[in-house]
Amino acid sequence: MGNRMHLESITKEERLERMRHSAAHIMAEAVCEIFPDARLGIGPPIDTGFYYDFELPRALTTEDLPIIEEKMRERIESNVPFEPSQIGKDEARERFHDQPYKLELIDEISDEKVGLYQQGEFVDLCQGPHVQRTGEVSDFKLMSVAGAYWRGDEHNPMLQRVYGALFDTKEELEQYLERLEEAHRRDHRRLGRELDLFSFHEEFGPGLVYWHPKGGRVRTLIEDFWRQEHLRAGYDIVYSPHIGKSTLWETSGHLDFYSENMYSPMDIDGQDYYVKPMNCPFHIQMYKNSLKSYRELPIRLAELGTVYRYERSGVLHGLLRVRGFTQDDAHIFCRPDQVKQEIERCVEFMRFFLGAFDFEQFHVYLSTRDTSGKYAGSLEDWGMATNVLRDVINEQGLPHEIDEGGAVFYGPKIDVKMVDTLGREWQCTTIQFDFNLPERFDVTYIGEDGRERRPYMVHRALLGSMERFFGVLLEHYAGAFPLWLAPVQAVVIPIADRHIDYAEKVGVELRSAGLRVEIDARGERMQAKIRDAQLQKVPYMLVVGDREAEASAAAVRLRSGEDLKARPMTEIIARMKEEGSQRV
RNA sequence: GCCAACGUAGCUCAGUGGUAGAGCAGCGGUUUCGUAAACCGCAGGUCGUGAGUUCGAAUCUCACCGUUGGCUCCA
């Protein structure tokens with residue numbers, strides 16, 4: 001195809017993509033040399049390098065990687081050309097007769113001819129493009145082996161995927177490897193332990209979070225902020241039970257379509273009760289508790305609702321994927337003429353929160369109806385809701401991707417995913433229409449004409465869950481929370497034991513100004529106390545010795561390492577109060 | 001759930017068939033110090049759990065539990 005275009009006309013990105021793709025082919029060749037019976041899956045470029053999927057007679061281990069790497073380097077060294085060709089599908093089937101996965105791919109190609117690329121003795125089914133010669137492939141590193149289902153479907157056989165990292169230059173590759181190490185340092189699981197924020201106790205239940213005093217303090221600050229802003233935004237804050245009788249979950253449909261995520265029932269007086277995986281059915285009962293007039297809408301019921309969901313053991317991941325979590329949930333019931341404005345308010349509210357926590361990197365997805373599956377509600381409703389969602393994110397200028405057919409069966413939705421240190425995306429915000437539950441629970445309001453109407457119901461979580469949000473936030477700040485969120489805002493450090501009395505006086509002053517303070521009265525040297533406070537990422541270190549006690553002052557050292565020298569206590573308190581009142 | 005690796009003291013890790021180790025943290029003592037680790041000592045582990053092989057298992061085998069990285073799924 002376009003593989004013969006002049007080198008100069010290729011952008012840097014295209015060139016890098018070709019190198020990555022070519023490296024995948026070279027890896028396939030190397031693996032085939034070690035395992036002549038290897039069956040090949042696919043081997044595309046990805047944004048940090050490349051991978052290739054294989055079916056092999058034995059499992060690869062990390063010890064195999066250097067051997068494969070060595071063979072790849074030999075091939076790069078030999079600098080043979082990548083030669084494209086086109087052959088008919090029948091001929092291709094003949095050539096790949098012992099490669100079932102390639103045959104499957106050939107069957108799906110609509111053209112009469114299929115593309116091949118050959119380097120040395122190795123031929124792969126491929127559209128290209130590639131670099132011209134193997135020698136053009138820059139330095140790389142094989143990273144890991146992992147299982148991956150053929151075509152991403154768990155009903156298919158699992159292949160072995162080898163991941164490689166590849167960048168333009170050796171320097172960029174090294175930078176990437178350093179970034180990985182940095183990511184490891186700011187991994188929320190590590191920070192959670194080092195900063196004593198939370199823990200897990202696997203022997204007593206995996207995926208269940210224990211929030212320690214300091215983590216609890218930060219969470220409380222986030223929740224207080226959340227409540228205050230929700231009240232201000234016209235939400236009502238509610239609390240619902242943690243369990244409900246099976247009849248509730250039968251009516252809601254959860255026992256039919258969500259049971260694999262629900263825990264086994266408990267027997268109470270001979271009745272089955274389930275721990276809630278969602279808050280919606282409860283909020284609906286609150287709505288339905290009295291007849292609603294069109295004048296009362298919109299009704300916005302918000303709850304920091306703790307839910308429990310069964311997650312398969314292999315997917316648990318620190319705070320980012322747990323089995324018990326607290327959603328910052330809300331259900332909005334509104335009239336048709338209010339839908340647009342309510343969605344606008346949700347999206348604006350979401351942006352307000354993400355802004356307050358200084359998030360700039362997030363990805364917005366609009367999920368539309370799966371045209372092949374079943375769906376609740378009418379096509380008109382789906383069309384209207386999808387348009388509203390699309391219009392709002394367009395009007396607000398939010399870059400987004402469309403996830404065609406990605407919606408759940410009960411309604412279209414907007415999802416916002418945050419990125420962790422390793423670049424993995426985690427869904428936090430979700431704003432979704434629900435055409436199912438209002439129907440099932442027969443949710444209504446009385447319209448102007450005195451007749452019963454069905455309200456629109458929007459389910460939304462802005463932070464997502466406290467656990468996941470906290471995990472992402474922790475990595476985002478690398479543990480160094482801004483002053484308003486810091487669990488300990490200042491540590492007072494007496495230089496010698498004779499300064500402890502004054503240090504406590506300083507502590508009292510700061511506490512009565514509403515600041516969160518600790519006094520480090522251990523029998524350690526000042527240097528050691530500074531180091532420990534620094535490692536705990538405490539924003540303010542207040543060193544007090546003879547001079548400070550004399551002057552009602554403290555020597556201020558900031559987390560940045562900046563030394564502000566001795567300052568009067570009044571000035572320090574004013575400064576900290578001012579800084580703490582600002583978010584971001 | 002699936003594939004692979006891993007599981008030794010609170011943490012980070014050494015120990016690959018023959019008497020369980022180090023650093024940090026903890027505790028006790030000495031030191032009272034001016035901006036990122038004072039010094040000395042003590043204590044701490046049925047080596048994830050359970051079977052098996054062996055004269056003998058942290059070490060080899062199997063099963064289970066859990067963690068990590070992926071796959072799939074989701075806040």
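Values below: every heavy atom of this structure, side chains too, minus hydrogens, waters and symmetry copies. Below, chain A is the first sequence line, B the second, and so on; all start at residue 1.
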### Query
Under the 5.5 Å and 30° test, is A:Y163 stacked on the base of B:rG70?
no
### Task
Check every strand shown and say whether A:R189 touches a base, only sugar-phosphate, or nothing at a heavy-atom separation below 4.0 Å.
sugar-phosphate
### Query
So, is A:R151 close to the B:rU72 phosphate, meaning a side-chain N or O under 4.0 Å from OP1 or OP2?
no
### Query
Quick one: does A:H188's side chain have a donor or acceptor within less than 3.5 Å of a partner on A:L319's backbone?
yes
### Summary
CG (A:D420) and CG (A:D187) are apart, to the nearest 0.5 Å, by 8.0 Å
### Message
Any base atoms under 4.0 Å from A:R424, or only sugar-phosphate, or nothing? Heavy atoms, all strands.
### Response
sugar-phosphate
#### Entry: A:D53 CG - B:rC71 C1' separation (whole Å)
9 Å
### Query
For B:rG1, what is the paired nucleotide under Watson-Crick or G-U wobble rules, both distances under 3.5 Å?
B:rC71
### Message
Within the 4.5 Å heavy-atom criterion, are A:R227 and A:H230 side-chain neighbours or not?
### Response
no
### Message
Using only modelled atom types and a 3.5 angstrom limit, is any donor from either the side chain of A:R193 or the base of B:rC11 paired with an acceptor on the other?
### Response
no
### Query
Who passes ring-ring contact (aromatic ring centres under 6.0 Å, His included) against A:Y101, sequence neighbours left out?
A:W150
### Task
Kindly compute the distance separating CZ (A:R559) from CD (A:Q489), expressed to the nearest 0.5 Å.
10.5 Å
### Task
Determine the Euclidean distance between corresponding P atoms of B:rA63 and B:rA25; express it in Å to zero decimal places.
42 Å
### Task
Starting at the 5' end of nucleotides 29-47 of chain B, put B wherever the base has a protein heavy atom under 4.0 Å, S where only the sugar-phosphate does, and a dash everywhere else.
---BBBBBBB---------
### Task
Could you tell me if the ring centre of A:F225 sits under 6.0 Å from that of A:F353?
yes
### Salt bridge A:R547-A:E550, side-chain N to carboxylate O under 4.0 Å
no
### Query
Who does B:rA22 pair with, Watson-Crick or G-U, both distances under 3.5 Å?
B:rU12
### Query
In whole angstrom, what separates A:R321's CZ from B:rG1's C1'?
13 Å
### Message
Rounded to whole Å, how long is the line connecting atom CG of A:L195 with atom P of B:rC11?
### Response
16 Å
### Query
How long is the line joining OH of A:Y365 and P of B:rC74, in whole Å?
14 Å
### Identified pairing partner of B:rC60, criterion: Watson-Crick or G-U wobble below 3.5 Å
B:rG52
### Query
A:R460 has an atom CZ; how far is it from atom P of B:rA75, in whole Å?
14 Å
### Task
Using the C1' atom as the reference point in each nucleotide, state the distance between B:rC13 and B:rA20 in Å, no decimals.
14 Å
### Query
With rounding to whole Å, what would you report as the distance between B:rG50 and B:rA9 at their P atoms?
16 Å
#### Entry: Closest-nucleotide ordering on RNA chain B, the 5'-leading residue of A:Q427 and A:R522
A:R522
### Query
What is the nucleic acid contact for A:E467, judged by heavy atoms within less than 4.0 Å: base, sugar-phosphate only, or nothing?
nothing
#### Entry: Side-chain donor/acceptor of A:R312 to base of B:rC71, under 3.5 Å
no
### Message
Any strand counts, and the cut-off is 3.5 Å on both contacts for Watson-Crick or G-U wobble. Which nucleotide pairs with B:rA37?
### Response
none
### Message
I want to check one thing: is the phosphate of B:rG1, taken as OP1 and OP2, less than 4.0 Å away from some side-chain N or O of A:Y310?
### Response
yes
### Heavy-atom check, side chain of A:I414 versus side chain of A:T429, under 4.5 Å
no
### Atom-to-atom span, CZ of A:R309 to C1' of B:rU72 - whole angstrom
17 Å
### Task
Identify whether NZ of Lys or CZ of Arg in A:R369 sits under 6.0 Å from the centre of the six-membered ring of A:F409 and within 45° of that ring's axis.
no
List every contact pair, protein side and nucleotides 2-7 of chain B side both N or O, where the distance is under 3.5 Å.
unit_1: B:rC2; atom_1: O4'; unit_2: A:Y149; atom_2: OH; d: 3.4
unit_1: B:rC3; atom_1: O2; unit_2: A:G147; atom_2: N; d: 3.1

### Message
Between the side chains of A:R557 and A:D563, is the shortest nitrogen-to-carboxylate-oxygen separation below 4.0 Å, so that they form an ion pair?
### Response
no
#### Entry: Value in whole Å for how far the C1' atom of B:rA75 lies from CD of A:Q327
6 Å
### Task
Rounded off to whole Å, could you give me the CG-to-C1' distance for the A:L142 and B:rG69 pair?
15 Å
## Note on the structure
The residue, A:E154 or A:V322, whose nearest nucleotide of RNA chain B is more 5′ is A:E154
### Query
Within the side chain of A:K413, is there an N or O that forms a donor-acceptor pair under 3.5 Å with the backbone of A:H459?
no
